[in-house]
Amino acid sequence: MLINWIKENKCVFAFFVFVNISVVLNVLLRTETDFYHMAVSGKWIVEHRSIQYQNDQFILDGYDTVIQQWLYCVLIYMSAQIGKVGTVIFTYLQYILFCFTSYKLLKIHNKNKAVCIMCLEVMVFIVMGYINCRPHILSLILLETQMIIVEKYRKTGKKVVLYILPFLTLCEINVHGTYWIFHFLFILPYLVPIKKLLKMDIKIVDDNMKIKPFIVPFFFMALTLFVNPYGTSMITCLFKSGNIKFLEIDELQKVDIMSGQFLLIVLLCVFALFIYRREKLKSTTFYMLLGTILMSLYAIRNFEFLIFPFVYLINNINEDGCIEGVCIGMNNMKMRVSLKIALVFLFIVVLLINFYMNMQHTIFDNTKYAVKYLQENETDMSGLKVYSDFNSGAYFLWNGVGKVYMQAKTEPYLQGVNHKKDVVTEYAYIDNFADKEGLENFLELYDFDYLYVPYNQTGLLLYLQMSSDYECVAEGNYGEVYNKYNVRSSCLFKKVH
């Protein structure tokens, strides 16, 4: 039966194979820098058999912390016990589950398998950059499951299915704490009637549901948020991160108008306009599209949510089977040849992009030479205090360094979380604006054993190069390692690669 289906839908199957090969390349060729900070947190929890409430890995003592991915960190650490293959398997399991929930969500309104598979692979392309060891895909799985449940209620009218929703928020708050809010936001499009809201006659079909059946499930969803090791601190952590923008994290930047992400937004809008003109656009779809576009324009990280309006746009347009006609048309001879050429071209592009992204990762994860120096010159690294930048700190910790200044997670460095001071702003000041006096006060306060300084931190690097108190003990392609004269090393300079 499967073989017959493949013969009847060769082009759809070829597209399916191509996309999955691209996923394999994406996962195998890249190692997320976030892996290290999650694995370090998971290791601490497993070894101490306790939740981490104090940031023991920060240079100064007495700083509180919230690990908003604590359960996921444990899973990552456990998978890493068998090496990279373990994290790869763990990532693929999430990908397979994502494909399953995406297919089920599409299948609710599209009975044709070819349509569902083709649309599924488009969804995979949209979230390709998130198929890694981070918890984003798991959050998408939970959100898709929520939508499946709501659609199940819409079709059957059985209120009991809505009481599954609190279990999803319970998972979310412990797996990816800052994403809990999306479970509430993505229910709103099902409940708000657009014509009453706008008080005008438009060609959008109201398909909203009554609010009353959702009130009690909403109440229990809110209650489950408190079932986490950090209580209200986990819930409110989301609202304390306004100054994270100082770190200039790529995923928190706004969408570039010349980027592929912006092009997709434009295409979705054109697609929605086409459906609107055919008077098939529904209110749920409109709200999904408007909300996710606004979120995506605010920060690139939210781009992943565009899969949801895509699903609902497909559902709206395919009511008369027009997408099925596209799938059938893909199987004629001319279309097969054109598609094969397009797939070969796309495969080469995806391959080059993955190699390029892997090279970019190497630039960020450039601390290996520094770790190598410490391993060769220190008998016990667990007592070291190392200045690190945002991308390098967790790598030092993973390789045995005791304390670092900064690592690729923001929660411990927010004053609202650590209850001491705003380390994020301090880091941005040192990275961009500090004068000589400011740098001297900073170095005196933290009393680092070693400083790993990337070349892009020109102010601090220039100060250390000109200072008579510090010497360069190791130099790599992307930065230098310093310590104080006659404190730990008698080596004036050592080139390490």
### Tyr405 and Glu426: CA distance, side-chain angles, deciding distance, side-chain hydrogen bond (donor to acceptor under 3.5 Å, both in side chains) verdict
CA-CA 11 Å; Tyr405 176 65; Glu426 179 185 65; 2.7 Å; yes

Is there a donor-acceptor contact under 3.5 Å from the side chain of [X] to the main chain of [Y]?
X	Y	value
Gln146	His183	yes
His37	Ala408	yes
Asn302	Tyr298	no
Tyr72	Cys133	yes
Gln69	Val175	no
Thr145	Ile141	yes
Thr87	Ala80	no
Tyr427	Phe390	yes
Gln81	Tyr77	yes
Asn174	Gly177	no

Do you know the tightest heavy-atom contact between [X] and [Y]?
X	Y	answer
Ile204	Lys282	CG2-C, 3.6 Å
Leu289	Ala272	CD2-CB, 3.4 Å
Leu106	Cys116	CD1-O, 3.4 Å
Leu142	Leu168	O-CD1, 3.8 Å
Ser283	Ile194	CB-CG2, 3.9 Å
Lys210	Leu191	O-CD2, 4.0 Å

More than 12 heavy atoms of other residues, nucleotides or ligands under 6.0 Å from [atom1] of [X]: is that the case?
X	atom1	answer
Tyr276	OH	yes
Met78	CE	no
Lys104	NZ	no

### side chain to side chain donor-acceptor pair (under 3.5 Å): pairs with one or both residues in residues 222-232, sequence neighbours excluded
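Qualifying pairs, neighbours excluded: Thr169-Thr224.
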
Would you check if [X] and [Y] make a side-chain contact, meaning some heavy-atom pair closer than 4.5 Å?
X	Y	value
Glu172	Met221	no
Gln57	Gln52	yes
Val417	Cys237	yes
Leu223	Pro166	no
Leu264	Phe125	no
Leu138	His176	no
Ile131	Phe98	no
Met406	Asp389	no

Aromatic contact, [X] with [Y] (centres under 6.0 Å):
X	Y	value
Tyr63	Tyr413	no
Phe186	Phe305	yes
Tyr130	Phe303	no
Tyr179	Phe182	yes

### Message
Quick one, Asn316 with Thr285, criterion side-chain hydrogen bond (donor to acceptor under 3.5 Å, both in side chains). Give me CA distance, side-chain angles, the key distance, then yes/no.
### Response
CA-CA 8 Å; Asn316 292 172; Thr285 308; 2.7 Å; yes

Kindly compute the distance separating [atom1] ([X]) from [atom2] ([Y]), expressed to the nearest 0.5 Å.
X	Y	atom1	atom2	answer
Ile164	Leu162	CD1	CG	8.5 Å
Leu71	Ile51	CG	CD1	8.5 Å
Leu143	Ile187	CG	CD1	9.5 Å
Thr292	Ile265	OG1	CD1	8.0 Å
Thr101	Ile96	OG1	CD1	12.0 Å
Cys269	Ile293	SG	CD1	3.5 Å

### Task
Apply side-chain contact (heavy atoms from CB on, under 4.5 Å) to Asp64 and Asn55, showing your working.
CA-CA 6 Å; Asp64 295 334; Asn55 187 9; over 6 Å; no

### Message
Considering only residues two or more places apart or on different chains, which pairs with a residue in residues 153-169 satisfy salt bridge (charged side-chain N to carboxylate O under 4.0 Å, His left out)?
### Response
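Listed by first then second residue: Glu151-Arg154, Arg154-Asp207.
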
### Message
Let's go through Lys43 and Leu397 carefully: what are the C-alpha distance in whole Å and the side-chain angles of both, what is the deciding distance for side-chain contact (heavy atoms from CB on, under 4.5 Å) to 0.1 Å, and is it a yes or a no?
### Response
CA-CA 11 Å; Lys43 181 181 179 181; Leu397 293 172; over 6 Å; no

#### Entry: Step-by-step side-chain contact (heavy atoms from CB on, under 4.5 Å) determination, Trp70 to Met38
CA-CA 8 Å; Trp70 75 270; Met38 289 188 295; over 6 Å; no

### Partner residues of Leu188 under the side-chain contact (heavy atoms from CB on, under 4.5 Å) criterion, sequence neighbours left out
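Applying side-chain contact (heavy atoms from CB on, under 4.5 Å) to Leu188 gives Leu185.
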
### Task
List the steps and the verdict of side-chain contact (heavy atoms from CB on, under 4.5 Å) for Phe310 and Leu267.
CA-CA 10 Å; Phe310 172 76; Leu267 290 175; over 6 Å; no

### Query
Looking at Tyr163, Tyr153, Phe184, Tyr190, which hits ring pair (Phe, Tyr, Trp, His ring centres under 6.0 Å) with Phe214?
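With Phe214 as partner, ring pair (Phe, Tyr, Trp, His ring centres under 6.0 Å) holds for just one option, Tyr153.
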
### Task
Report the relative orientation of the aromatic rings in Tyr92 and Tyr95; use parallel for angles under 30°, tilted for 30 to 60°, perpendicular for over 60°.
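If you compare the ring of Tyr92 with that of Tyr95, the planes turn out perpendicular.
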
### Message
Which residue in the set Pro412, Ser41, Ser233 passes side-chain contact (heavy atoms from CB on, under 4.5 Å) when paired with Thr65?
### Response
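The single option meeting the side-chain contact (heavy atoms from CB on, under 4.5 Å) with Thr65 is Pro412.
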
### Query
For Ser388 and Gln407, does a side-chain donor sit closer than 3.5 Å to a side-chain acceptor?
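Absent: no donor and acceptor within the cut-off.
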
